[in-house]
Amino acid sequence: MAETPSGSKPEGVAAATRPERLSEAVASSGFDALLVTRPVNIEYLTGFTGTNAACLTGPDIRVFLTDFRYADRAATEVAGWDVEIVDGEWLAGVARCVSEYVPGGTAGIEENHLTMRTGKLLTKQLTGGLSLADSGGMVERLRRSKDAVEVAAIAAAAELTDSIYSELFERGLVGRTEADVAGYAVGRMREHGAEPSFTPIVAAGPNGASPHAEPGPREIREGELVVIDMGSRLDGYCSDCTRTVATGEIEDEASRIYEVTLRANQSALEAVAAGRSAAEIDGVARDLITRAGYGEQFGHGLGHGVGMEIHEAPRLGPRSDDTLIAGDVVTVEPGIYLSGRYGVRIEDLVVVSADGISRNLSSHPKDLIKVD
Ligand code: ZN
Ligand code: ZN
């Protein structure tokens with residue numbers, strides 16, 4: 001992470017540090033404390049990048065636990081927490097710490113991360129009438145409001161991805177295999193000190209009709225639609241972008257679904273605003289695609305949050321309960337997939353801001369371009 005979390009200000013929400021914001025959330029949740037065990041959440045809260053740690057936090061508690069292997073790293077990376085080094089068996093040490101700090105109370109745990117077995121072992125070793133209960137993704141909710149440092153990291157990752165799109169299209173697609181194009185993109189990311197935030201999708205012709213196609217040995221031909229979906233991870237933050245291009249003349253229906261998908265993308269982008277429901281934004285794109293006769297061919301949600309993870313809260317889809325908040329960074333990625341023929345997806349990454357003007361971090365042009 002580029003900066004210690006305690007120094008960065010959430011964008012448009014509250015000028016408190018991450019641990020302070022979490023303490024407030026814990027206090028209003030009714031838990032006496034929260035035990036954080038998911039590594040990505042620990043890194044978010046403390047800056048710690050090791051693989052074995054836990055955080056116990058509550059209104060008057062801010063304890064960071066790790067084992068002796070990470071004592072030096074904790075001393076360098078973790079500020080503002082009482083660091084305790086667990087001797088002996090790890091879970092027993094964690095149980096001892098929670099029992100000591102939250103006597104007779106209720107501690108929230110990250111049940112979606114802990115295995116049943118770990119949860120049971122932990123519970124067995126608690127003392128003093130302490131109980132555990134699922135906290136339901138409390139840190140994941142905090143992580144939604146990206147601060148300025150985080151938005152800058154995501155924007156830099158998006159910019160790198162945009163520049164690689166330009167390179168791919170200048171280099172040409174026809175005659176190359178999907179796997180070659182994907183491999184080239186990954187190589188360029190690494191040369192820039194980044195990693196792919198997921199295995200890139202390069203899907204030509206009929207392969208483009210599958211939203212999760214894996215790049216294979218198929219050679220890209222002239223006169224096809226090619227869907228490319230890729231993102232970089234730079235300084236711990238991900239980007240995500242999809243562009244669809246044509247390699248020469250394409251049939252009328254291919255052009256038509258491109259136009260419909262583009263309008264759906266643009267209309268949904270205009271609708272993105274803090275306070276609006278994620279299902280409603282999905283509906284803007286979905287209604288447009290449905291009216292054009294392709295509702296059944298848009299078989300996935302409109303988008304997802306992006307940050308330290310490529311898929312994080314919120315979720316934009318017809319059944320999402322989420323409401324957009326300032327600081328959310330989300331994708332808007334409608335698609336139309338005609339089985340056995342071809343597909344189109346156009347994906348941008350936007351920051352939801354407090355002033356109602358959302359910022360699009362994906363700047364690669366979206367008019368249908370012809371690539372040789
Ligand atoms: Zn994507
Ligand atoms: Zn995506």
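Just so you know, ligand 1 is whichever comes first in the structure, and atom 1 is the first atom listed for that ligand.
A salt bridge does not link E167 to R171: none of the charged side-chain nitrogens sits closer than 4.0 Å to a carboxylate oxygen.
In this structure, the side chain of Y101 does not engage the main chain of G58 through any donor-acceptor pair within 3.5 Å. In this structure, the side chain of E312 engages the main chain of M308 through a donor-acceptor pair within 3.5 Å.
Around the Zn ion (ligand 2), protein N, O or S atoms at a distance under 2.8 Å total 4; waters are neither shown nor counted.
Residue pairs satisfying the salt bridge (charged side-chain N to carboxylate O under 4.0 Å, His left out) criterion with at least one member in residues 285-307, sequence neighbours excluded, are listed as follows: D282-R286.
Each of E309, E150, E43 was evaluated against R143; a single residue qualifies, E309, per the salt bridge (charged side-chain N to carboxylate O under 4.0 Å, His left out) test.
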Y337/Y294 under ring-ring contact (aromatic ring centres under 6.0 Å, His included): CA gap, chis, key distance, verdict
CA-CA 9 Å; Y337 309 93; Y294 296 105; over 10 Å; no
